[in-house]
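Have a look at the structure below, then the notes.
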There are 2 protein chains.
Amino acid sequence: MALRHALLAALLDRELSGYQLTKLFDLAASSFWHASSQQLYAELAKLEADGLLTGHEVVQHGRPNKRVFALTDNGRDELARFTAAPTKPISIRDDLIVKAYAEHAADPSVLIKQLEDRLAQSRAKDEFLQSQLARLRDGKSEEEYLASAENIGPYLAGTRGRMYLRDEIDWCEWASGVLRNRS
Amino acid sequence: MALRHALLAALLDRELSGYQLTKLFDLAASSFWHASSQQLYAELAKLEADGLLTGHEVVQHGRPNKRVFALTDNGRDELARFTAAPTKPISIRDDLIVKAYAEHAADPSVLIKQLEDRLAQSRAKDEFLQSQLARLRDGKSEEEYLASAENIGPYLAGTRGRMYLRDEIDWCEWASGVLRNRS
DNA sequence: GGATGCATGTAAGGGGTTACATGATTTT
DNA sequence: AAAATCATGTAACCCCTTACATGCATCC
């Protein structure tokens with residue numbers, strides 16, 4: 001199992017449709033887990049069949065209707081069990097770092113371009129995530145927010161995502177600078 | 001394809017056996033790509049069949065013999081093509097961040113324990129990586145090394161890995177502190 | 001009238017994980 | 001004598017990606 005728990009976590013304390021989850025698991029927001037829409041719809045069906053989620057049809061006007069999903073008690077228990085179980089090691093796979101590792105076989109300008117592309121993407125993601133975190137804080141200072149808010153999980157996770165993006169930005173700038181100085 | 005290019009990059013400028021690659025792709029060292037030994041041996045066979053790698057038997061005394069692999073010209077070309085092609089987005093999957101996101105459904109002490117476990121692992125990995133980078137620099141300052149060394153790819157990649165680990169350490173400390181203050 | 005966003009899937013195939021297997025040699 | 005290290009795989013299964021598919025509504 002893999003996506004399962006990420007989905008359960010996303011649906012903790014709120015109901016979302018497959019489409020809303022697609023956006024959540026797609027770009028910017030989740031620097032910690034990625035999934036395609038096809039995978040999401042398939043996994044949502046499984047989770048519902050297993051009784052960890054329930055789906056409700058929501059009638060909309062001016063838009064197609066949607067089915068939103070909510071955690072069941074079993075789903076919440078499963079999440080708690082997951083949290084208590086030994087944490088599997090991270091799985092990172094980043095082609096860009098492989099390309100940097102193979103720098104010796106590459107044309108420097110080609111590699112620099114790849115670094116600059118990633119830099120631009122990461123800057124955009126970072127700005128988005130920053131705004132999301134500010135929205136969660138809702139005017140409060142971080143300290144105040146973390147002491148008073150009821151559910152700080154998304155803020156903790158989002159902060160980790162932002163650290164990742166800040167590093168990505170710094171590293172791309174640094175590495176492309178190093179390569180430029182050598183050529 | 002996926003592991004393919006990570007393997008080619010690892011074999012750039014040196015010959016390694018499946019077992020040596022296992023260690024490289026296993027723990028500490030590679031914070032950028034993970035693979036199991038089974039997967040490695042299977043992929044090495046494929047790469048050899050495709051003519052991107054050649055294997056040579058190396059007779060050892062006091063140890064089982066091994067087969068080391070080296071890049072062919074085709075392999076080197078394939079690496080260069082890979083570097084020039086659009087870079088696929090990163091794939092991160094970290095159960096620990098999912099657990100943090102689901103903080104609201106968890107017993108705080110259980111989550112704190114998970115954060116502390118990861119903290120210890122990351123500290124150990126970071127020390128190892130730090131020593132590896134120091135070995136590469138070989139007494140020189142970073143600036144001097146990056147300006148003079150022939151093949152700086154592994155150093156660029158390793159530096160990114162270390163940034164990741166430093167963040168992991170900082171985040172685990174911060175998040176567990178936040179949770180302790182609230183309970 | 002065309003592009004974009006909302007909304008939800010099916011089918012096929014490739015990549016990766018988990019479990020199982022073997023055997024020699026060195027260290028404790 | 002047992003445990004750890006070196007060394008290399010096979011087999012089954014699950015997860016995930018890629019390609020394909022549909023249809024309505026709003027925005028430009």
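Computed from a predicted structure; not experimentally measured.
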- Query: Want to settle it: does B:Lys46 or A:Ser17 sit nearer the 5' end of DNA chain C, counting the closest nucleotide to each?
  - Reply: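 In this pair, the answer is A:Ser17.
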- Message: Please tell me whether B:Ser109 and B:Asp107 have a donor and an acceptor in their side chains that are separated by less than 3.5 angstrom.
- Response: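 Side-chain D/A pair, B:Ser109 to B:Asp107: present.
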- Consider only side-chain N and O atoms of A:Ser148 and A:Lys140, and report whether a donor and an acceptor are under 3.5 Å apart.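 The criterion, which ignores hydrogens and geometry beyond distance, is not satisfied for A:Lys140 and A:Ser148.
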- Task: Tell me which of B:Ser91 and A:Gly62 sits closer to the 5' end of DNA chain D, going by the nucleotide each one is nearest to.
- Result: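 Looking at the nearest nucleotide for each, B:Ser91 comes out on the 5' side.
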- Item | DNA chain D: 5'-proximal contact among B:Ser37 and A:Ala35 (nearest heavy atom) |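 First, find each residue's nearest nucleotide; the 5'-ward one identifies B:Ser37.
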Take the protein atom [atom1] of [X] and the nucleotide atom [atom2] of [N], then report the distance between them rounded to whole Å.
| X | N | atom1 | atom2 | answer |
| --- | --- | --- | --- | --- |
| B:Arg93 | C:dT17 | CZ | P | 10 Å |
| B:Phe25 | D:dT8 | CZ | C1' | 17 Å |
| B:His61 | C:dT25 | NE2 | P | 13 Å |
| A:Leu21 | C:dG9 | CG | P | 13 Å |
| B:Leu44 | C:dG15 | CG | C1' | 15 Å |
| A:Lys23 | C:dG5 | NZ | P | 10 Å |
| A:Asn65 | C:dG5 | CG | P | 21 Å |
| B:Asp95 | C:dT17 | CG | P | 13 Å |

- Report yes or no: is the cationic atom of B:Arg160 (NZ for Lys, CZ for Arg) under 6.0 Å from the centre of the six-membered ring of A:Tyr164, at an angle within 45° of the ring normal?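 Yes, a cation-pi geometry holds between B:Arg160 and A:Tyr164.
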Could you please name the option among [options] that lies closest to any side-chain atom of [X]?
| X | options | answer |
| --- | --- | --- |
| B:Trp33 | D:dC6, C:dA7, C:dG16 | C:dG16 |
| A:Ser36 | C:dC6, C:dG23, D:dT18 | D:dT18 |
| B:Lys66 | C:dT8, D:dA7, D:dT17 | D:dA7 |
| B:Tyr41 | D:dC15, D:dT8, D:dC16 | D:dT8 |
| A:Gln60 | C:dA7, D:dA7, D:dC16 | C:dA7 |

Check whether any side-chain nitrogen or oxygen of [X] sits under 4.0 Å from OP1 or OP2 of [N], and answer yes or no.
| X | N | answer |
| --- | --- | --- |
| A:Gln39 | D:dC16 | yes |
| A:Tyr19 | C:dT8 | no |
| B:Gln20 | D:dC6 | no |

- Under 3.5 Å donor-acceptor, B:Ser122 side chain and B:Leu119 backbone: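 Judged by distance alone, no pair lies under 3.5 Å.
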- Message: Using a heavy-atom cut-off of 4.0 Å across all strands, would you classify B:Gln38 as base, sugar-phosphate, or nothing?
- Response: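 If one applies the 4.0 Å heavy-atom cut-off, B:Gln38 turns out to touch a base.
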- Query: Do B:Leu133 and B:Tyr155 come within less than 4.5 Å of each other through their side chains, counting heavy atoms only?
  - Reply: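 With C-beta onward as the side chain, the pair touches.
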